[in-house]
*Asks:* 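Questions regarding the structure given below will be posed in turn.
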Amino acid sequence: MEKLTEKEKVCLLEYTKDLKQIMEQDHLAIVSDNRYSYTQKEIENLLQKIEKIND
């Protein structure tokens, strides 16, 4: 698997943090991209995984 650059990692982290913040502000339990649905817990797990990339 290719490693992400620091810039790519930060981009993913910021996007995911923003998504989590929007979910919390709008009291959304689930968001969907018309293909998959994601719970707040799944977004939190994704954040943890992204933070560990390249470690």
Side-chain angles (χ1 to χ4, degrees):
M1 184 169 129
E2 282 190 51
K3 291 193 175 213
L4 295 176
T5 65
E6 191 61 26
K7 183 178 178 180
E8 293 166 331
K9 181 178 174 179
V10 168
C11 177
L12 289 173
L13 276 172
E14 289 304 313
Y15 178 82
T16 308
K17 287 177 183 177
D18 288 347
L19 180 59
K20 182 180 175 202
Q21 182 179 10
I22 290 167
M23 290 179 78
E24 290 171 352
Q25 286 175 351
D26 294 346
H27 306 287
L28 301 172
I30 296 175
V31 291
S32 175
D33 61 6
N34 293 324
R35 187 170 177 188
Y36 299 106
S37 295
Y38 306 92
T39 65
Q40 282 191 7
K41 184 64 179 166
E42 288 173 319
I43 298 297
E44 289 172 15
N45 290 341
L46 179 58
L47 267 171
Q48 291 175 359
K49 288 179 181 181
I50 293 170
E51 289 171 344
K52 292 179 184 177
I53 290 175
N54 296 349
D55 285 348

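All of these numbers come straight from a predicted model, not from anything done at the bench.
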*Asks:* Of the options Lys7, Glu2, Glu8, which is the one that meets Leu4 in a side chain to side chain contact (heavy atoms under 4.5 Å, CB included)?
*Replies:*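 Going through Lys7, Glu2, Glu8 one by one, the side chain to side chain contact (heavy atoms under 4.5 Å, CB included) with Leu4 is satisfied by Glu8 alone.
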*Asks:* Ignoring hydrogens and angles, write down the donor-acceptor pairs under 3.5 Å from the side chains of residues 11-27, residues two or more places apart or on other chains.
*Replies:*
unit_1 : atom_1 : unit_2 : atom_2 : d
Thr16  : OG1    : Leu12  : O      : 2.7

*Asks:* Check the hydrophobic clustering (I, L, V, M, F, W, Y; side-chain heavy atoms under 4.5 Å; chains of links allowed) and say if Ile30 and Tyr36 are grouped together.
*Replies:*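 Ile30 does not cluster with Tyr36.
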*Asks:* Closest heavy-atom contact between Leu28 and Gln40?
*Replies:*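 Answer, listing the atom of Leu28 first, then Gln40: O-NE2, 3.0 Å.
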*Asks:* NZ/Lys9 to CD1/Ile50 distance, rounded to the nearest 0.5 angstrom?
*Replies:*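 Here the rounded value is 9.5 Å.
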*Asks:* Between Asp33 and Tyr38, is the side chain to side chain contact (heavy atoms under 4.5 Å, CB included) condition met? List the steps.
*Replies:* CA-CA 9 Å; Asp33 61 6; Tyr38 306 92; 3.5 Å; yes
*Asks:* My understanding is that only residues two or more places apart in sequence, or in another chain, count here; which of them pass side-chain hydrogen bond (donor to acceptor under 3.5 Å, both in side chains) with Ser32?
*Replies:*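 For Ser32, no residue satisfies side-chain hydrogen bond (donor to acceptor under 3.5 Å, both in side chains) once neighbours in sequence are set aside.
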*Asks:* Other members of the hydrophobic cluster containing Val10, with the 4.5 Å side-chain heavy-atom rule, please.
*Replies:*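 Joined to Val10, directly or through intermediates: none.
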*Asks:* Any side-chain to backbone donor/acceptor pair from Glu42 onto Thr39? Under 3.5 Å, distance only.
*Replies:*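 Here the side-chain-to-backbone pair exists.
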